[in-house]
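Taking it in order: structure first as structure tokens, then the write-up.
One-based numbering along the sequence shown. Please read these numbers as outputs of a predicted model, since none were measured by experiment.
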Amino acid sequence: MRRLLLAVCLSAGLGTGAFAQNAEIEANIAAQIQAFEADDFVTAFTFASPNIQRMFQSPKNFGAMVRNGYPMVWRPADVRFLELREVAGMLWQKVMIVDGDGRVHILDYQMVQLENRWKINGVQLLGASDPAA
């Protein structure tokens with residue numbers, strides 16, 4: 001995971017504005033996942049938008065929601081970034097996460113830019129699949 005985060009951060013300075021934007025978004029999501037892996041919900045909470053922070057009110061509540069509702073994000077075996085796209089004026093980053101049991105999950109992260117920093121404004125679970133099928 002650290003190598004992925006480092007590669008994303010290094011690539012941020014190598015491309016066009018759109019590529020840099022994509023790298024910044026990926027780095028934000030990767031850093032939040034890394035914080036979850038370390039059970040550092042205080043840091044993970046800082047990557048959430050103000051709307052999400054208001055909804056959960058504390059890192060403890062936020063961490064409980066992730067552990068219970070998104071265990072594949074809390075303890076991923078593999079994380080891969082798919083396409084970044086704009087839908088109705090909002091940016092959505094699609095992410096494939098493989099959980100510890102080898103199940104593949106596709107999640108969609110809604111991103112918002114606030115004060116020149118990207119924040120996660122919500123996550124939708126698009127689906128899960130069995131790679132053995």
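Without hydrogens or angle criteria, Gln53 side chain to Ser58 main chain gives no donor-acceptor distance under 3.5 Å. Under the 3.5 Å distance criterion, the side-chain polar atoms of Thr46 are matched with a main-chain donor or acceptor of Thr43. A distance-only check finds a donor-acceptor pair linking the side chain of Gln93 to the backbone of Leu82 [under 3.5 Å]. Listed for the Asn28 side chain is no donor-acceptor partner under 3.5 Å among the backbone atoms of Glu24. With hydrogens and angles disregarded, a donor-acceptor distance shorter than 3.5 Å links the side chain of Asp99 to the backbone of Asp101.
Put simply, Leu126 and Val98 are part of the same group of oily side chains (I, L, V, M, F, W, Y) that touch within less than 4.5 Å, one to the next. By the rule that hydrophobic residues join a cluster once side-chain heavy atoms approach within less than 4.5 Å of another member, Ile52 and Leu91 end up as members of one cluster. No continuous path of hydrophobic side-chain contacts links Val112 to Leu107 [ILVMFWY only; heavy atoms under 4.5 Å]. Hydrophobic clustering (ILVMFWY, side-chain heavy atoms < 4.5 Å, transitive): Val79 and Leu125 are in one cluster. Under a hydrophobic-cluster definition in which Ile, Leu, Val, Met, Phe, Trp and Tyr are linked whenever side-chain heavy atoms come within less than 4.5 Å, directly or via other members, Met90 and Tyr109 are assigned to different clusters.
Distance check, rounded to the nearest 0.5 Å: CD1 of Ile97 to CD1 of Ile29 gives 9.0 Å. Atom CH2 of Trp118 sits about 12.5 Å away from atom CD of Glu26, to the nearest 0.5 Å. In this structure, the separation between CG on Asp78 and CE on Met72 is 14.0 Å, given to the nearest 0.5 Å. Here OG of Ser49 is found 13.5 Å from CD of Gln113. Values are rounded to the nearest 0.5 Å. The distance from atom CD of Gln57 to atom CZ of Phe62, rounded to the nearest 0.5 Å, is 13.5 Å.
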Query raised in the report: Which is it for Phe56 and Met65 under the side chain to side chain contact (heavy atoms under 4.5 Å, CB included) test, yes or no, and what are the steps along the way?
Result: CA-CA 9 Å; Phe56 292 100; Met65 179 277 298; 3.5 Å; yes
Query raised in the report: Going through the checks in order, is the side chain to side chain contact (heavy atoms under 4.5 Å, CB included) test met by Gln110 and Ile120?
Result: CA-CA 6 Å; Gln110 184 187 60; Ile120 299 166; over 6 Å; no
**Report entry** Check against salt bridge (charged side-chain N to carboxylate O under 4.0 Å, His left out), Asp39 and Arg75
**Finding:** CA-CA 10 Å; Asp39 290 329; Arg75 291 293 187 262; 3.0 Å; yes
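Screening residues 50-71 for salt bridge (Lys or Arg N to Asp or Glu O under 4.0 Å), with sequence neighbours left out, gives no hits.
The pair Asp108-Arg85 meets the salt-bridge criterion, since a charged nitrogen lies less than 4.0 angstrom from a carboxylate oxygen.
Taking all atoms of both residues into account, the shortest heavy-atom contact from Gln124 to Trp92 is NE2-CH2, 3.7 Å. Between Phe47 and Ala31, the shortest heavy-atom distance links the atoms CZ-CB, 3.4 Å. In plain terms, the two heavy atoms of Ala44 and Phe36 that are nearest each other are CB-CE2, 3.4 Å. Contact record, Glu37 with Pro76: OE2-CG, 3.6 Å, taken as the closest heavy-atom pair.
Tyr70 pairs by the ring pair (Phe, Tyr, Trp, His ring centres under 6.0 Å) definition with nothing, not counting sequence neighbours.
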